[in-house]
Number of protein chains: 2
Amino acid sequence: MPRSRSRLANDAWESLLTAHASLMKRFAAEPIWDQLSMREYDVLYTLSKHDGPIRLFELGRGVLLSQPALSRLVERLAERGLVERTPDPEDGRGLRLGLTAAGREAQRSVGGRHAVDVARAVADVLTDEEMRQLESIGRKLAGAATPAQQTHRTRKEAVL
Amino acid sequence: MPRSRSRLANDAWESLLTAHASLMKRFAAEPIWDQLSMREYDVLYTLSKHDGPIRLFELGRGVLLSQPALSRLVERLAERGLVERTPDPEDGRGLRLGLTAAGREAQRSVGGRHAVDVARAVADVLTDEEMRQLESIGRKLAGAATPAQQTHRTRKEAVL
DNA sequence: TTGAAGTTCATGCGTTTGCATCTACCTTAA
DNA sequence: TTAAGGTAGATGCAAACGCATGAACTTCAA
């Protein structure tokens, strides 16, 4: 008897969770996080992916942190001269966040070494096709969890 | 020109990370975590998967928490009557952890509702084959990060 | 145009986390 | 047998987190 789709989905999710936890622990044990914690690196990396400055709440979508925690993490990075915070001229409530030269340098330095560890951990056990499959599956899952930008009406209706 | 294996690996890992963060946020937003936080549930779920009692450091392998944090989380769960901590008769340093009846009940109650959300999120966007692929890939990645149990000599040699 | 509702980010506060370290116990080798 | 080294878990303490809420600004409908 085949597993139900619900069972299949839960098994797949558990597998993803386990892989995530195992690899995160492995990466955390690497001696490359002396100047930047993994979370700080996550923020700098996300900023480095965008060319232009981005908003705090945009940054928050990619980072698994509450809004206040992210706000203060960015504050600390700004105090260390790695991130630049300027008021958004187009929206008086918002911030425009960007990397400083030092921030970009720190991201590249840590990122380069981290990428080596990631490649070792992943490429050693997956085939090219499996890596492509994982990338594709991950994209689908991430897209599903972020139901694209909804209009206000749509979102309201979804709640009601 | 094809992407290098290193690039493929890093892209796949980033995709996994993004999917993880997106789905975690989505699940965290569900109104089922009133009696148990996600981390607490993670611990109870891990305990529920093992039939016999397990050790704290075994539990720690599956949970993304430092040893002291896990020690205190288990302490809190024990105070709430959800987890039972007894000294290990075979190893005076260790603990034997197990679910109480209330703990098992809480895990089942939250787990049942959570599984529905997981199934919705995952099965809605992946085919059966993709879910099977994800499960397989995750297993490989998790196994790779835990290089099986090493002997003391092997581990020493790896350091030297 | 204006007021109500929504959004963005910051802040107060209690809780939880991680790091360093400690104690207790086990293991190994001389 | 015993001392040296390793492992399991607990604890002190500062840092970081999440929740609730506040302040500033934007959006939208009347």
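Residue numbering restarts at 1 for every chain, and letters A, B, ... go by the order of the sequence lines.
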Please report, rounded to the nearest Å, how far the [atom2] atom of [N] is from the [atom1] atom of [X].
X      : N       : atom1 : atom2 : value
L65(A) : dC9(C)  : CG    : C1'   : 14 Å
D91(B) : dC25(C) : CG    : P     : 10 Å
M38(B) : dG18(D) : CE    : C1'   : 14 Å
R85(A) : dC9(C)  : CZ    : P     : 11 Å
D34(B) : dC19(D) : CG    : P     : 13 Å
L64(A) : dA16(D) : CG    : P     : 18 Å
E58(B) : dG9(D)  : CD    : P     : 8 Å
L56(A) : dA10(C) : CG    : C1'   : 10 Å

5' precedence on DNA chain D between E75(B) and S66(A) (nearest-nucleotide basis): E75(B)

Donor-acceptor pair present, R72(B) side chain and dG12(D) base, under 3.5 Å: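 Check passes, donor-acceptor contact within cut-off.
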
Distance-only donor-acceptor test (3.5 Å): side chain R93(A), base dT26(D): no

5′-ward residue of the pair Q67(B)/L73(B) relative to DNA chain C: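 Nearest-nucleotide comparison on DNA chain C picks L73(B).
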
Phosphate OP1/OP2 of dC17(D) contacted by R76(A) side-chain N/O (<4.0 Å): yes

Under 4.0 angstrom between R39(B) side-chain N/O and dT16(C) OP1 or OP2: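 Checking dT16(C) against R39(B), no side-chain N or O comes under 4.0 Å of OP1 or OP2.
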
H20(B) and W13(A) aromatic ring geometry - parallel, tilted or perpendicular at 30°/60° bounds: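 Rings of W13(A) and H20(B): parallel, as their planes differ by under 30°.
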
Charged N-O contact under 4.0 Å between R80(A) and E40(A): yes

Crowding at CZ, R7(A) (>12 non-hydrogen neighbours, <6.0 Å):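 No - once you tally the heavy atoms of other residues, nucleotides and ligands closer than 6.0 Å, there are 12 at most.
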
Neighbour count above 12 (heavy atom, 6.0 Å) for E79(A) CD: yes

Under 3.5 Å: donor-acceptor pair, side chain of T46(A), backbone of D42(A): yes

